[in-house]
Number of protein chains: 2
Amino acid sequence: MQTISNQKPSATKSDSATPGSGNSELLQLETWLPYRLFRISTRVADVLNAFYGPKYGFSRSAWRTMAIIANRPGASAKEICQAGGLDQFSVSRAVKQLVELGFARRTSGRSDRRYAAIELSESGWAAFTEISNVAKRLDADLTSAVSSEELALLDGILARLDNASAGILARGWRGATEPVADEPGAPAAKRDA
Amino acid sequence: MQTISNQKPSATKSDSATPGSGNSELLQLETWLPYRLFRISTRVADVLNAFYGPKYGFSRSAWRTMAIIANRPGASAKEICQAGGLDQFSVSRAVKQLVELGFARRTSGRSDRRYAAIELSESGWAAFTEISNVAKRLDADLTSAVSSEELALLDGILARLDNASAGILARGWRGATEPVADEPGAPAAKRDA
DNA sequence: CTAATTGTTTGCATAGTGCAACTATATGCA
DNA sequence: TGCATATAGTTGCACTATGCAAACAATTAG
């Protein structure tokens, strides 16, 4: 590999501006926590997608949807949205895809017929089981890098980070650092350090 | 909110297949580590995107590219690819976007004129600084949910998970659980528990 | 009965992605 | 020198994904 440049910002040639502006340290993407989490998760998700994508022909949204309805058979589209962090359009299209491929079906035989009530078919369960096994193996592969004590620690830390991230999302980029009302679905966690 | 269904899989009505197939436990998306990491990271990234997107008019790839060249002024497109986990097309288009918006420039005055040598302009540094500050605040917001000891622990754990995920990516979904040769750019880490 | 509300779908415009083909530069070698 | 080959980067094109408005269907309120 041929390294072209490895200058520090301060060594930038004069017509390129320097950070300056009262900014003590440059942000480094590689050490920014959300980016680190992103890298790990997308690598694994990409590998899983490389399995189910070609084999079953559905999208990431469809896989997420499938995984959600596997745990909540008969869920409505709205419930899937909430559980999976997907918007209603994605869910609608994902369900459509799964139904067309024969992995899911809609049964609207309830009192309120606005709701969809989606569940997996035989082949849907088969596909889910197979993808799950790969997912579990990847997870085991990933977590084999850390001890079980660390994993337990990580579990607690992630629960709180998840909670904090929900707060950040709710407040938006303007948001001051204020506690936010409990979000539904997230495990209760104290922000106390 | 009107809850329609909350059945457990085992209570599924009879024409819907049950997991069965020698599968001891259903995979739960919410507890699958890569998904948990994904949720946290995308929430924060979405919020940051909601800041720089409308304000500066560039994409996520462009922001990543900007952050990378801020730390490596004069980097070539190829270096940006490697550092940011982006493919060459994304980088090419991201750089184009940044140049068109006046945030970066290409200077190919080196010995090897195939390389691009990209750096931020004055306004590029200004934008980067401003976005960085928001990013740092979000990070601080996020990490305020855990103690500094836990954060240090997390740092080490993530370093190893990052390493493991690189191995998973390299091996693909077929990959057995074998150690993989050192990847460039990742901090050295032992897989020992 | 009508209006408002809720759950879901769909069409359309836009944005992002992957791939092949292309330009330009550099290198190896006869 | 001349020509094949390799490398860096760009661009066109097809395809996929996403966001939004609008439509549609079922329910509830007045």
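Lettering follows sequence order; numbering is per chain, from 1.
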I'd like a list of close polar pairs between nucleotides 17-19 of chain D and the protein, N/O only, cut-off under 3.5 Å.
residue, atom, partner, partner atom, Å
D:dG19, OP2, A:D87, OD2, 3.4
D:dG19, O6, A:R93, NH2, 3.0

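Every pair passing salt bridge (Lys or Arg N to Asp or Glu O under 4.0 Å) that includes a residue from residues 50-69 of chain B is listed here, sequence neighbours excluded: B:D46-B:R60, B:K55-B:E130.
In this structure, CD of B:Q88 is placed 12 Å from C1' of C:dA21, rounded to the nearest angstrom. When rounded to the nearest whole Å, the span between CZ of A:R113 and C1' of D:dT28 equals 15 Å. The separation between A:K78 atom NZ and C:dG7 atom C1' is 7 Å, rounded to whole Å. If you measure from atom CD1 of B:I80 to atom C1' of D:dA8, you get 12 Å, rounded to the nearest angstrom. Note: CD (A:Q82) to C1' (C:dG7) measures 12 Å, nearest angstrom. As a whole-Å value, the separation of A:E79 CD from C:dT8 C1' is 14 Å.
Picking from D:dA8, C:dT25, D:dT27 the nucleotide with the shortest atom distance to the side chain of B:Y115 gives D:dA8.
Interatomic distance, CG of A:L48 versus CD1 of A:I131, reported as 7.0 Å (0.5 Å rounding). In this structure, B:I40 CD1 and A:L33 CG are separated by 8.0 Å, a value rounded to the nearest 0.5 Å.
At a threshold of 4.0 Å, the pair A:E119-A:R105 counts as salt-bridged, since one of the basic side-chain nitrogens sits closer than that to a carboxylate oxygen. Salt bridge status for B:K136 with A:E25: absent, with no side-chain N to carboxylate O gap under 4.0 Å.
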For this session: Begin with the C-alpha distance, continue with both residues' side-chain angles, and end with the deciding distance and a verdict on side-chain hydrogen bond (donor to acceptor under 3.5 Å, both in side chains) for A:S90 and A:D87.
Result: CA-CA 6 Å; A:S90 305; A:D87 61 85; 3.0 Å; yes

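For A:K96, a side-chain nitrogen or oxygen approaches OP1 or OP2 of C:dT10 to under 4.0 Å. Residue A:R114 places no side-chain N or O under 4.0 Å from the OP1 or OP2 atom of D:dT27.
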